[in-house]
Amino acid sequence: MEVPLTQIALFIIGSYILYASLLFFIGGVREREEARERLFRAFLAGVMFAAAMLATVFVGTAVRIYVEASGVQPNCLKAFSVEGFDIWPLVESGEEALKCAGEVFYNKTGEIINTYAGLFGVTTAAGLFGVTSPFSMGLFQVALPFSGAANGALISLATAYAASKLMAGVIVLAGLAVILIMIERLEALGAVLLGAAMAMPPALAAYADYVKGISVNVQAWDYGSVLWAVVSAADIAAAFALAISLAGAVAAAISYAFSKIPERLSVE
């Protein structure tokens with residue numbers, strides 16, 4: 001049975017609370033004072049974790065509304081839909097969005113690979129016979145731009161797929177991140193981890209919904225379709241750069257905001 005990533009993150013916070021509790025009950029005066037401080041940090045960490053997970057939903061909802069206004073049909077972004085009063089699906093929305101995005105990236109990568117392989121398979125086969133050799137040479141020439149664009153699209157999709165898996169690990173570390181924020185020397189690291197856990201799932205989900213509607217299929221006998229496929233492949237690569245840039249900006253803003261919370265609460 002698969003354990004939700006957010007439950008693992010909460011387990012980290014719970015372990016910290018358990019440690020502080022044991023320190024309080026078995027320690028002396030000094031240890032009890034330290035335990036009170038750690039319990040206070042754990043309480044704030046739990047509040048910040050809940051706020052971060054719910055804020056991810058709000059970010060995802062905002063992105064979904066923007067995507068809908070742009071004419072893109074939401075798919076992975078549906079994970080951020082706020083319906084009813086069951087809060088747990090909302091907390092797990094980032095995880096669900098990443099799972100959906102990963103599947104889209106994998107399938108779209110396979111689609112481009114099949115198109116790429118089929119196109120050059122036809123080029124090779126046609127070059128074996130003298131009567132079709134001119135067609136092979138012409139197809140090879142028009143396929144060169146598509147080759148470059150397809151390589152860029154494949155790299156972008158592969159990177160996005162890896163990011164969707166990596167961000168799943170970052171969600172697990174979100175519980176640790178909010179604890180690190182409460183420690184003065186480690187607050188920057190915690191803020192960066194939490195910012196990534198909040199910003200990246202909506203960004204990757206939006207990118208997945210965008211590329212899902214892009215077709216890169218070509219007909220080898222139609223030179224025009226091969227050239228038009230260049231636009232589609234380049235679109236996939238360019239959209240990834242934009243999605244990551246925006247996610248980085250949002251993550252930086254979130255990281256800065258959360259790193260300032262301990263200062264306001266006088267937590268050292």
Single-linkage hydrophobic cluster Val216~Leu144, side-chain heavy atoms < 4.5 angstrom: yes
Look at the side chain of [X] and the backbone N and O of [Y], then say whether any donor-acceptor pair between them is shorter than 3.5 Å.
X: Asp235; Y: Ile214; answer: no
X: Ser136; Y: Ala126; answer: no
X: Lys108; Y: Leu157; answer: no
X: Ser232; Y: Ser215; answer: yes

Distance (rounded to the nearest 0.5 Å) between [X] [atom1] and [Y] [atom2]:
X: Met167; Y: Met198; atom1: CE; atom2: CE; value: 13.5 Å
X: Ile112; Y: Asn217; atom1: CD1; atom2: CG; value: 10.0 Å
X: Thr109; Y: Leu154; atom1: OG1; atom2: CG; value: 6.5 Å
X: Thr115; Y: Gln219; atom1: OG1; atom2: CD; value: 9.5 Å
X: Leu194; Y: Leu189; atom1: CG; atom2: CG; value: 11.0 Å
X: Asn75; Y: Lys212; atom1: CG; atom2: NZ; value: 5.0 Å

Compile the donor-acceptor pairs under 3.5 Å between side chains in residues 199-207 and protein atoms, sequence neighbours left out, one pair per line.
from   : atom 1 : to     : atom 2 : distance (Å)
Tyr207 : OH     : Ile236 : O      : 2.8

CA sep, side-chain torsions, deciding dist, call: Ile155, Phe240, side-chain contact (heavy atoms from CB on, under 4.5 Å): CA-CA 10 Å; Ile155 293 173; Phe240 175 71; over 6 Å; no
For [X] and [Y], work out which heavy atoms get closest and say how close.
X: Ala79; Y: Glu96; result: CB-CB, 4.1 Å
X: Ala233; Y: Ala150; result: CB-N, 3.9 Å
X: Val226; Y: Ala143; result: CG1-CA, 4.0 Å
X: Gly102; Y: Ser164; result: CA-OG, 3.7 Å
X: Pro145; Y: Val230; result: C-CG2, 3.7 Å
X: Ala229; Y: Val218; result: CB-CG1, 3.2 Å

With side chains defined as the heavy atoms from C-beta onward, is the minimum distance between [X] and [Y] less than 4.5 Å?
X: Leu119; Y: Leu139; value: yes
X: Cys76; Y: Glu103; value: no
X: Phe146; Y: Trp228; value: no
X: Val122; Y: Phe135; value: yes

Geometric class of the Tyr161/Tyr106 ring pair [parallel <30°, tilted 30-60°, perpendicular >60°]: tilted
Chi angles and distances behind the side-chain contact (heavy atoms from CB on, under 4.5 Å) call for Tyr116, Ser147: CA-CA 8 Å; Tyr116 203 1; Ser147 177; 2.5 Å; yes
Counterpart residues, ring-ring contact (aromatic ring centres under 6.0 Å, His included), relative to Phe140 (two or more places apart): none
